[in-house]
Amino acid sequence: MDGRAARNQKLRPGRRGPRRPFRHVPSLVYDIDAQRNFLPEGTTAGAKTESLGHGVNDFGNPHYDGPQPPPGHGLHHYHFRLLALDVETLHLGEKAAVEDVLKQAEPHVVGEAELVGTFERA
């Protein structure tokens, strides 16, 4: 089992029972100011915006890469998760690996929201 498969086997316990693991991470932005109610256009394209960190995704890039399901593979679900933390920063630098961001954030999670979108490539 490679590192990514092992990481995906981990379940995160939550108030409502075990959470499904992160399966594929096309983008991750962290150290978002708690006063924000939106992200500026271009943020997930890697644009430098104040002190936001951009996690290095499963493609090895510090920006959004997706959705990219195989043609004819059917409907894919994309989970966008927002984690509220009890700290202002994770002190990780500008381009941390996704697994490092999630590991550092996990003990500080005080709330979470999820939006599910779908996409299908014909």
Side-chain angles (χ1 to χ4, degrees):
M1 182 179 302
D2 68 12
R4 184 168 42 184
R7 181 177 76 241
N8 288 340
Q9 295 302 312
K10 180 181 178 191
L11 294 178
R12 183 180 176 281
R15 292 188 179 133
R16 296 177 307 267
R19 292 275 307 159
R20 285 181 34 179
F22 286 93
R23 299 210 187 286
H24 169 67
V25 181
S27 181
L28 185 134
V29 178
Y30 55 95
D31 288 350
I32 301 170
D33 187 300
Q35 302 305 310
R36 281 207 161 277
N37 60 4
F38 72 97
L39 291 175
E41 185 175 345
T43 298
T44 58
K48 184 63 181 157
T49 309
E50 71 248 358
S51 61
L52 295 178
H54 297 270
V56 177
N57 64 25
D58 290 346
F59 296 102
N61 301 315
H63 57 77
Y64 180 64
D65 281 312
Q68 299 179 29
H73 197 256
L75 190 66
H76 281 237
H77 291 77
Y78 293 87
H79 298 254
F80 298 86
R81 291 176 58 194
L82 177 66
L83 303 177
L85 308 180
D86 62 3
V87 294
E88 289 186 23
T89 180
L90 294 175
H91 302 287
L92 286 170
E94 194 173 308
K95 295 178 182 174
V98 166
E99 55 270 3
D100 294 337
V101 174
L102 296 175
K103 181 179 177 183
Q104 187 78 3
E106 188 160 10
H108 299 287
V109 174
V110 295
E112 155 175 8
E114 184 173 52
L115 171 71
V116 180
T118 59
F119 181 77
E120 181 174 10
R121 187 178 293 177

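Keep in mind that this is a model prediction, so the values were computed, not measured.
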Val110 vs Leu85, side-chain contact (heavy atoms from CB on, under 4.5 Å): CA-CA, chis, key distance, verdict: CA-CA 5 Å; Val110 295; Leu85 308 180; 5.9 Å; no
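- Partners of His73 by ring pair (Phe, Tyr, Trp, His ring centres under 6.0 Å), not counting sequence neighbours, listed by chain and number: His76.
- Side-chain contact between Glu112 and Leu82 is absent, with no heavy-atom pair separated by less than 4.5 Å.
- Remark: side-chain polar atoms of Asn61 are not paired, donor with acceptor, to backbone N or O of His63 under 3.5 angstrom.
- The shortest side-chain heavy-atom distance between Asn57 and Leu28 does not fall under the 4.5 Å cut-off.
- Considering only heavy atoms from C-beta on, Asp31 stays 4.5 Å or farther from Leu92 through its side chain.
- Residue Glu88 qualifies as open at atom CD: its count of foreign heavy atoms under 6.0 Å is 12 or below.
- For the residue pair Ala96 and Val101, the shortest heavy atom distance occurs at CB-CG2, 3.8 Å.
- Here CD of Glu120 is found 10.5 Å from NE2 of His77. Values are rounded to the nearest 0.5 Å.
- The distance from atom OG1 of Thr89 to atom CG of Asp33, rounded to the nearest 0.5 Å, is 11.0 Å.
- Looking at every heavy atom in both residues, Gly93 comes nearest to Tyr30 through O-OH, 2.6 Å.
- With rounding to the nearest 0.5 Å, the separation of CZ in Arg81 from CD in Glu114 is 6.0 Å.
- Taking CG of Leu83 as the reference point, atom NE2 of His108 lies at 12.0 Å (rounded to 0.5 Å).
- Residues Leu90 and Val87 approach most closely at CD2-CG2, 4.1 Å, considering heavy atoms.
- Hydrophobic clustering (ILVMFWY, side-chain heavy atoms < 4.5 Å, transitive): Val56 and Leu102 are in distinct clusters.
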